[in-house]
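Quick notes on the structure that follows.
In what follows, every chain begins at residue 1, and chains take the letters A, B, ... in the order their sequences are listed.
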Amino acid sequence: MAQEEINELLQVRRDKLDTLREKGVDPFGRKFDRTHTAEEILDRYDELSKEELEEKGERVAIAGRLIAKRKQGKASFAHLQDMSGRIQIYVRKDRVGEEQYDVFSMADLGDWLGVEGVVFKTNRGETSVKADSVTFLSKSLRPLPEKFHGLKDVELRYRKRYLDLIMNPEVKDTFITRSRIISSIRRYLNDRGYLEVETPTMHTIPGGAAARPFITHHNALDIDLYMRIAIELHLKRLIVGGMEKVYEIGRVYRNEGISTRHNPEFTMMELYEAYADFHDIMDLTENLITHVAKEVLGSEQVEYDGQKIDLAKPWARKSMVDLVKEHVGVDFSQQLSDEEARKLAEEHGVEIQPNHTFGHILNEFFEQKVEDKLIQPTFVYGHPVEISPLARKNDEDPRFTDRFELFIVGREHANAFTELNDPIDQRERFEAQLREKAQGNDEAHPMDEDFLEALEYGMPPTGGLGIGIDRLVMLLTDSASIRDVLLFPTMRERD
RNA sequence: GAGCCAUUAGCUCAGUUGGCAGAGCACCUGACUUUUAAUCAGGGUGUCCCAGGUUCGAAUCCUGGAUGGCUCACCA
C-alpha cells in the first residue's frame with residue numbers, strides 16, 4: 001500500500017476488517033473442508049425439481065469469492081465464484097443465527113466465504129445452496145471492477161491478470177484450454193516413445209535460430225550468458241548421445257519487437273527423432289495437431305477471426321518454388337544468377353537487401369507475396385540453403401534443403417527439417433553465416449565449435465521439429481493477440 | 001523504430017462553442033425473509049495521465065513527454 005492514498009472505499013474495508021476482529025472473526029481465516037464445487041452441484045442437482053431436491057435435502061459445503069450480493073432485510077441472496085463457476089447462496093437470519101448473519105451482512109464483494117447448507121431450488125428455478133452456516137475465509141480490501149461490464153481496460157487486464165480472471169470467465173477458459181493443449185501434446189508424444197528432456201535456457205552461444213538474444217551475466221564465473229533463442233542444438237547433442245526420440249517444451253527468449261504475434265519470451269516445442277526425415281516429421285506434425293484439436297476441442301474444424309479452418313487430414317504439401325510460381329508467376333526452379341534474381345525482385349516489387357542472393361530472394365518472394373494467403377493448413381517445403389543453415393541439403397538440387405514450415409491463417413506454426421548431420425557441411429554453413437554477419441546481418445548464426453565437435457562424433461540421420469505453442473493456442477482458442485494466451489505478457493514497467 | 005487512436009471517480013463511460021466535474025455500477029445510511037444487472041429513499045467519493053504554453057478562464061486548444069491499443073517494420 002505504501003504510497004497510495006487510502007481513499008474512502010479502501011478505508012471502509014479496513015474498518016470492516018477491524019470490526020470482524022472485534023467480533024472474534026479471523027478476517028484471513030483458515031482451512032475449509034469443501035465437499036463440492038459450484039459446477040459439481042449444478043451438474044448433479046440442476047436436473048432435479050424443486051420438490052425432488054427438497055426431499056433429498058442434500059448437504060454440501062462450498063467455498064468461493066463473493067461476486068454478487070442481494071440483501072433483502074433478514075435474508076440475502078448472493079453468488080459465490082470458485083474455479084468451476086458460480087453458484088447462488090441463500091442466507092436467512094433465522095437459519096444461520098444473528099451473529100453469522102451480521103458477519104455475512106458485512107461481507108463485501110470480493111471476500112472469500114465458505115458456506116455449509118442444503119441444495120434447493122428457488123421459485124425462479126435457480127439451483128442454490130441454503131446456508132446453515134457461513135464461514136468467513138478471507139477479507140478483500142479492494143473493490144472489484146464493475147460487475148456488469150467487467151474489466152475492459154486492456155492494459156489493466158494484462159497488468160492485473162488476476163482481476164481479468166475474476167471478472168471475465170472466458171479468459172480462464174482460454175488458459176484452461178492452453179493447459180489442455182500442452183497436456184495433450186505431452187501425452188501424444190510420451191505415448192509414442194518420445195522422451196521429454198530439459199536443457200539449459202542460458203547458453204554460452206545463442207544458436208539454433210536467427211534472432212537477437214538477451215544477454216545476462218554470471219557473477220561467479222564472470223561470463224556473459226545468453227538466454228536461449230532456440231532449443232535445437234542441445235537436443236541434437238542428445239541425439240548424438242543416443243537418445244533417439246527426444247522433445248522439450250520450454251520457454252525461449254528473443255530480443256525483438258513486441259506485437260500481437262510476438263512476445264519476448266514464448267513457448268516452443270522442439271522434437272528430434274533419429275532415423276527419420278522431414279517427410280516423417282510432416283506426418284507427425286499433421287497427426288499431432290489434428291489429435292490435439294480433436295482431444296481438446298472435440299473437432300477438426302476451428303474458426304479463427306471469422307475464417308473456417310479445416311484441420312482434417314491431409315494437409316496441402318507444396319514446395320516454396322511452386323507456390324511462388326503459382327502466386328507470382330516467377331519460376332525459381334530454373335538456374336538463376338543472383339543478378340537475375342535481383343532483377344525479378346525489382347520487377348515484382350519485392351523488397352530485398354543489397355547482399356541478398358538467389359535463396360534469400362526466393363524467400364522474400366514467398367514471405368512478401370505468398371505467406372499471408374496460406375489460410376488452410378499448408379506444408380511449405382524446399383527452403384533455400386542460405387536461410388536454412390542447420391538443414392540438410394536436397395539430394396537433387398543443393399540450392400534447397402529438406403525443410404518445411406507449416407502455415408495456417410497466414411502464420412508460421414511449425415518449422416522442421418531433415419537435420420544436417422555432416423559436420424563438414426555444417427562448418428561451411430556456419431562460415432557462410434559468419435560472412436553474412438560481416439555484411440551486416442546481425443541475426444546470422446554464430447559459429448558453434450562445441451556443437452560441431454558433437455556432430456564429428458557422428459549424429460544419425462535425424463528429423464527435427466519446432467512448434468510455436470503460443471501460436472497454436474491462439475489458433476485453437478480464436479485469440480487475436482498472443483497476449484491473450486499468455487497469463488502475464490511482457491509489459492513496460494510503470495512508475 | 002514509424003503512423004493512427006486512447007487515457008476523466010475503485011470499475012464502465014458521458015462531458016456540447018473554452019465558462020461550477022457528471023452518470024451507472026461499486027461504496028455509505030435506512031427499508032425489505034425466494035432475489036438474480038434485486039428494488040425503494042437519501043449521500044458524490046476526483047492529481048480530468050504528466051509537464052509546459054495560449055487564455056480573464058483549459059478535461060476541452062497548442063507543444064513536449066509517459067503508458068497502452070491497433071497497423072507497419074524486425075521476427076516465430
Could you write nucleotides 2-15 of chain B as a row of B, S and -, 5' to 3', where a protein heavy atom under 4.0 Å of any base atom gives B, of only sugar-phosphate atoms gives S, and otherwise -?
--------BBS---

Within residues 89-98 of chain A, residues whose heavy atoms come under 4.0 Å of RNA chain B
A/Y90, A/R92, A/D94

side-chain hydrogen bond (donor to acceptor under 3.5 Å, both in side chains) partners of A/E22, counting only residues at least two apart:
none

Quick one: list whatever passes salt bridge (charged side-chain N to carboxylate O under 4.0 Å, His left out) with A/E443, sequence neighbours left out.
A/R212

Can I get a per-line list of side-chain donor-acceptor pairs under 3.5 Å for residues 61-68 of chain A, giving both atom names and the distance, sequence neighbours left out?
residue: A/R65; atom: NH1; partner: A/G110; partner atom: O; Å: 2.8

Is any N or O donor-acceptor pair between the side chain of A/Q72 and the base of B/U35 shorter than 3.5 Å?
no

Assign A/R70 to base, sugar-phosphate, or nothing according to its heavy-atom contacts below 4.0 angstrom with the strands shown.
base

Mark yes or no: A/K69 above the aromatic ring of A/F104, with NZ or CZ under 6.0 Å from the six-membered ring centre and no more than 45 degrees from the axis.
yes

Euclidean distance, atom CG of residue A/D372 to atom P of B/A76 [Å, nearest integer]
16 Å

What does the list of N/O pairs under 3.5 Å between the protein and nucleotides 72-74 of chain B look like, with a distance for each?
residue: B/C74; atom: O2; partner: A/G257; partner atom: N; Å: 3.4

What I want to check is whether the side chains of A/Y194 and A/E273 have a donor and an acceptor closer together than 3.5 Å.
yes

So what does A/H79 hit on the nucleic acid, given a heavy-atom distance under 4.0 Å: a base, only sugar-phosphate, or nothing?
base

So is the aromatic ring of A/F266 stacked onto the base of B/A76, judging by whether the centres are under 5.5 Å apart and the planes are under 30° apart?
yes

